[in-house]
Amino acid sequence: VDQSIARKDVVFLLDGSDGTRNGFPAMRDFVQKVVEKLTVEENRDRVSVVQYSRESEAHFYLNTYTTKKDVVDTVRGLRHKGGRPLNTGAALQYVRDNVFIASSGSRRLEGVPQILILLNGGRSFDNVDTPASALKELGVLVFGIGTRSSDSRELQKISYDPSYALSVSEFTDLPNVQQQLLSAMSTHSVQFESQAPRRDVVFLLDGSDGTRSGFPAMRDFVQRVVETLGVDENRDRVAVVQYSRDPAAQFYLNTYTTKGEILNTVRGLRHKGGRPLNTGAALQYARDNVFNVSSGSRRIEGVPQLLILLSGGRSFDNVDTPASALKELGVLIFGIGTRSSDSRELQRISHDPSYALSVSDFTDLPNIQQQLLSSVEADVVFLVDGSDGTRNGFPAMRDFVQRVVGKLNVGGDKDRVSVVQYGRDQEVHFYLNTYTTKEDILDTVRSLRHRGGRPLNTGAALQYVRDNVFTASSGSRSQEGVPQMLILLSGGRSSDNVDIPASALKESGVLIFGIGTRNSSREVQRIATDPSFSQSVSEFTDLPSVQDHVNIFSVLFLKLLVDQSIARKDVVFLLDGSDGTRNGFPAMRDFVQKVVEKLTVEENRDRVSVVQYSRESEAHFYLNTYTTKEDVVDTVRGLRHKGGRPLNTGAALQYVRDNVFIASSGSRRLEGVPQILILLNGGRSFDNVDTPASALKELGVLVFGIGTKSSDSRELQKISYDPSYALSVSEFTDLPNVQQQLLSAMSTSQAPRRDVVFLLDGSDGTRSGFPAMRDFVQRVVETLGVDENRDRVAVVQYSRDPAAQFYLNKYTTKGEILNTVRGLRHKGGRPLNTGAALQYVRDNVFTVSSGSRRIEGVPQLLILLSGGRSFDNVDTPASALKELGVLIFGIGTRSSDSRELQRISHDPSYALSVSDFTDLPNIQQQLLSSVEAVVIEVTPESTTDLVFLVDGSDGTRNGFPAMRDFVQRVVGKLNVGGDKDRVSVVQYGRDQEVHFYLNTYTTKEDILDTVRSLRHRGGRPLNTGAALQYVRDNVFTASSGSRSQEGVPQMLILLSGGRSSDNVDIPASALKESGVLIFGIGTRNSSREVQRIATDPSFSQSVSEFTDLPSVQEHHVNIFSVLFLKLLVDQSIARKDVVFLLDGSDGTRNGFPAMRDFVQKVVEKLTVEENRDRVSVVQYSRESEAHFYLNTYTTKEDVVDTVRGLRHKGGRPLNTGAALQYVRDNVFIASSGSRRLEGVPQILILLNGGRSFDNVDTPASALKELGVLVFGIGTRSSDSRELQKISYDPSYALSVSEFTDLPNVQQQLLSAMSTVIVQVTTMTPTVIPTILGKKNMVLIILDSLHILARCLPWPFMLDLFHTSVGMFSMIALSPMHTLPLSLNGCLRLGKGMTSM
């Protein structure tokens, strides 16, 4: 909570030189106004003011005043200093050394943002570069505000980022930039980001002779657990292995990507039989053959690896070594045994003894629920709707609460429960700390009476439980890390806003489960942590069935996910025990004790290790030695000073890396748990610290170095993860002074999504259309996942001049944005200067200070709504935006200049048109008639193949005319023609009838005539599964007119009025895997099933009856989700910049033809186009020569022709280092066609035949820092170590005997190139690194072999997400906002489709 409070240390540095005398009153007023907007308090915002000219003078420090009144009073009384020359450099150094320090009130070391606002009126007389850099290294966010007398370049150099340099004509114009500055200052509080749960789950089933009778129960257990998972290529994956004497994989993690396929296979499992039972061999098999990349494991991406072992007897072989090997790999093992099993053996195999569960025999597996529940400690709050509308259902709700409580393990230190009833207002029946026994709770619940009342204020109730129940005083143990859960039972739609309070609860870390009725199910889905955490019943009397579902096997994974989300740390103390620290050692020991006292030491929470060193290192205890705080503290109290010399800090760092931060010593690094090293050091190291310090950082270890005056401060800064993590005290007895700083710094992280800016024409000509524009913005915002670390939104309105209504960092919740948009007023004015408005958003909105995360790689989107031709020039500012990487959509009316709009837009297909703004909802037509633009850029003409699958069974007789009309209306919007849109209609019930195929008709008239004459077929039962399979096999085929092979988007619109009597999951998955985009419309009888069938739940819609279809057609299916579908798909298109670097030295003359052939073959597998893959080839020996750059050719043919003609260069010596530097400086740049700044993966393939004559380390590191993925392929003449150093990761270094063997590694290289590089936040010094320790990227390794088996060449998924260290959450991002979800469904490059 401390971390989440917005706190800032703000220093104003005012130019008080002779040149600013007249402007000084305006500067003073500006400071006052900014301070008025701050929350000045000891523990919130602090302020300091410094004035300078020749020298600098602090008027007051950060800790001088603790109230806003005192600050403002002092600022009012400021007098102009005067003097010259203007020494801005010295002033910057002054604030660094005298103001941004702890003794002056700076809380930098606690992670509080440090902000410097410079008001400057002239060029500096002295040099500003060094002090400006020093401030940035310290993590200070510098905003420079200058006048026309200032040197704008100098100001940009001083500012934290050039975009943080603001400009006014005179100081009297300062109010014009005040809002921009304030908005930028609100972006730097620390927030936690969560990620959709992804798990790799492997079941290891004992199939020996002894389990024959229990096997059906084991099979059922697997089915029930799989039912609770979110199976998908990029969510949960499942594998099953059966074993007896030998193990056999029934299927691997990447065999199936749908729940239906897995369940069908599990149902069909047959008992293996055999003996003896070799559990050890089976564990080893799972380790070597299942938990690996080629079998679909995503372990190296940080995805949790789970093994569930069901064993019915004692193992004949040894289990300890393979179990340890799995644990070292980071696999979390659950062991479930029977009375015939060896319980001790099971405990040794399991992650820890509490993960070993037992049943009498396998038929008792369902009862294991109770055991799992008793192992999950939680604070559970029931929020029960007691309004007038739930009077009849209340007894069932009460029973539901009783049944769930009956399953809990209630006690003061176990589960705690609270019940709140609400309607108009709220009533707490009891708090989390009211009762400590299950009996007391159940007695009270039994006696609950329905309150009644209206209206239903669910929003207020959510806010109430957040503020009054989930608090320490009411018994919440959230501060102790106990999971917080809310179960909401809501029977109606709320009359107040639920989004803001629901978001607030989620941000507080509360896990929300929601159960709603048909009246409230949509709203409950929004409130729940994730839609899958919500459940719907027709009436609350149906609750028993839900209860059975909610608590059975989901609990296993609930426990697991909760475990993942708990704040966990592995903390290692490395103590200098050399002769020089003898006197200070007791103080070091006390410091360790005090820090440990603040931790939550438990097996599954914080772990601690202590190592002491001098000449050698000695571990006093490891991370897995103790599991209680008491044991750790007792051992620390008894530590004795080691003594010895010299002081080998380098060797000690290497020691902890190799011996402590490993799985066998208790490190949970591979599980994503933050790894922290606290070094207490009292002198300069005798050995070199650079290499081991780097090795720790590469491992992702967060190193804090604390030294005394005897330490070498530079050395300490080099060792620390970031220079700001190096703390200093005079003597070790002063350690308590930095304790709080250290603890504060030990907890932070952050992450991104999309920045969406709306630019609205507010000129006189749009007055009548403005309400419609406002509604449009609202509807689009509704589809976004607004959050500081998800989607951000800004709105600018313009006419003659532009005005920002709010910036990207102004609001962090959807509710706030929608409220502000609702209140927008038309600006008015003329002429219409669209060019100036575009330039304005470029310079003032798509900037860091306004909240843009462009430099973090977050997509930047501009949606322009313009109602007329611009009075000024639009070309230059539009180009400037595109160069910045902004994706522009232009939406105009008949009054707009369509050509102008096309020039402004990202490309002409991104320019859309309506008659007037009141027709914005109908933009559906244009989006549909250019589905090429909606899904992927395939051909200049917009085309789609659209199939309607219409339920014609007995149950839809009355609704059929409305369905027929719906088809007519949609077809009426299409652009039908042989080379344009094609349509097919299929009606189905028991079987299927094709009314016409995609190639039957080529005119809209023919299609409409046939549709008008359609007759209802009737028949039963309803076989939707068979119909889906039929259209896949018979309609979406080339012979029936499908153009999927030509890349034309394939769409299916399903109209289904009832539940299918056959299985729909497998055929729906098959369609999605074929690249078909499925929209589904169902009735109340079929809506659930239709959601499962649709590409994504948001692509499905429900109506009460089909007679309601007109409203769906007008308002939902195609409105604004399509705009973002296009956008997200564009983001997901597999694009790569691939550079080949060929060794052309004398030593490779014979092998060069083979190298050339290899390049050709790899290029043949690429999709070379301007907006897809780009290729460059460079050859080198002594010097480097680019044969062609990334933007030289835009067709595969041209690239291949040029490669065929390559001639061997020759020459020596071989300077690989210089060649790497060359490609970095000359090829991986925008002017040579590199799209690195747009987030396109940058790949370098080095073919090398010898050891380099020059040094490769620095240029290789420079490429990696740039985010280039380097693959090194060498021969036996190469230096394999050198190649591993050059490669992005040692495993990216491939080897062949001779270049003629290159085809042997081609497949390996191609598979590895389906690795995606995801840009994450450019980290400030107070941010914890990613799990891999790479500051600017997270590698997401995808199982490319199986993808290649199913897809066209290497889809890349540019889904931007951030791996927060140790924080895995159950919160799944809405699929609309995490598109594309699936590589398996193959964002098919050739087909131009996204499948989820």
Side-chain angles (χ1 to χ4, degrees), residues 354-355 357-360 364-386 393-422 426-451 465 468-489 510-515 533 535 540 543-560 562-563 566 602 604:
S354 71
Y355 282 60
L357 309 171
S358 183
V359 289
S360 294
D364 291 338
L365 275 171
N367 303 332
I368 210 155
Q369 163 190 358
Q370 186 56 45
Q371 258 182 286
L372 294 170
L373 275 166
S374 65
S375 67
V376 181
E377 174 190 2
D379 292 339
V380 183
V381 178
F382 292 90
L383 182 57
V384 180
D385 175 354
F394 192 76
M397 294 159 80
R398 190 173 54 209
D399 292 347
F400 175 80
V401 174
Q402 280 181 252
R403 278 195 306 274
V404 174
V405 171
K407 305 285 188 183
L408 298 178
N409 189 18
V410 177
D413 296 326
K414 297 174 185 172
D415 295 327
R416 295 184 181 178
V417 178
S418 167
V419 174
V420 179
Q421 193 181 163
Y422 78 102
Q426 311 81 28
E427 178 188 349
V428 178
H429 292 296
F430 51 91
Y431 292 95
L432 289 163
N433 51 6
T434 305
Y435 300 123
T436 55
T437 70
K438 188 184 290 187
E439 291 65 32
D440 289 340
I441 292 173
L442 290 174
D443 286 347
T444 308
V445 172
R446 276 187 207 103
S447 63
L448 292 183
R449 291 293 169 267
H450 187 259
R451 295 179 77 236
V465 293
N468 299 280
V469 184
F470 286 110
T471 61
S473 59
S474 298
S476 165
R477 296 165 293 175
S478 64
Q479 296 297 319
E480 301 165 40
V482 174
Q484 307 290 288
M485 295 186 189
L486 175 69
I487 299 178
L488 168 68
L489 297 167
V510 177
L511 205 61
I512 309 176
F513 294 86
I515 301 175
F533 284 37
Q535 181 82 355
F540 280 123
L543 274 171
S545 59
V546 175
Q547 188 254 356
D548 289 341
H549 173 76
V550 166
N551 292 303
I552 298 187
F553 301 103
S554 57
V555 181
L556 175 63
F557 291 99
L558 174 58
K559 169 175 174 49
L560 200 114
V562 169
D563 276 357
I566 290 171
E602 288 174 21
N604 289 311

Query raised in the report: Between the main-chain N or O of Asn468 and the side-chain N or O of Ser474, is there a donor-acceptor pair closer than 3.5 Å?
Result: yes
Requested in this report: Take Val401 and Leu489, measure what side chain to side chain contact (heavy atoms under 4.5 Å, CB included) needs, and give me the verdict at the end.
Outcome: CA-CA 10 Å; Val401 174; Leu489 297 167; 4.2 Å; yes
Query - Nearest non-hydrogen partners of Val420 and Gln426, listed with the distance - result: CG1-CB, 4.3 Å
Query raised in the report: Measuring from Thr434:OG1 to Arg416:CZ, what's the distance to the nearest 0.5 Å?
Result: 10.5 Å
Query raised in the report: Would you call Val380 and Asp415 a side-chain contact if the rule is heavy atoms closer than 4.5 Å?
Result: no
Report task. Could you go through the side chain to side chain contact (heavy atoms under 4.5 Å, CB included) check for His450 and Gln421 one step at a time? Result -> CA-CA 8 Å; His450 187 259; Gln421 193 181 163; 4.3 Å; yes
Report summary line: Minimal heavy-atom distance between Leu448 and Arg398, with the atoms involved, is O-NH1, 2.8 Å
Query raised in the report: Checking Asp379 side chain against Arg477 main chain: does a donor-acceptor pair fall under 3.5 Å?
Result: yes
Requested in this report: Check whether any side-chain heavy atom of Val417 sits under 4.5 Å from a side-chain heavy atom of Phe382, and report yes or no.
Outcome: yes
Report task. Indicate the atoms forming the closest heavy-atom contact of Leu488 with Tyr422, along with that distance. Result -> CD1-OH, 3.9 Å
Report summary line: Minimal heavy-atom distance between Ile441 and Phe430, with the atoms involved, is CG2-CZ, 3.7 Å
Requested in this report: Take Ile515 and Phe400 through the test side chain to side chain contact (heavy atoms under 4.5 Å, CB included) and record every step on the way to the result.
Outcome: CA-CA 11 Å; Ile515 301 175; Phe400 175 80; 3.5 Å; yes
Report task. Apply the test side chain to side chain contact (heavy atoms under 4.5 Å, CB included) to residues Leu486 and Phe470: give CA-CA distance (whole Å), side-chain angles for both, the deciding distance (0.1 Å), then the verdict. Result -> CA-CA 9 Å; Leu486 175 69; Phe470 286 110; 4.1 Å; yes
Report summary line: Looking only at heavy atoms, the pair that brings Asp385 and Met397 closest together is O-CE, 3.3 Å
**Report entry** Reported CG-to-CD1 distance for the pair Leu383 and Ile512, which is rounded to 0.5 angstrom
**Finding:** 9.5 Å
Query raised in the report: At what distance, to the nearest 0.5 angstrom, does OG1 of Thr444 lie from CD of Gln402?
Result: 10.5 Å
Query raised in the report: What's the shortest heavy-atom distance between Val469 and Ser418, and which atoms?
Result: CG1-OG, 3.5 Å
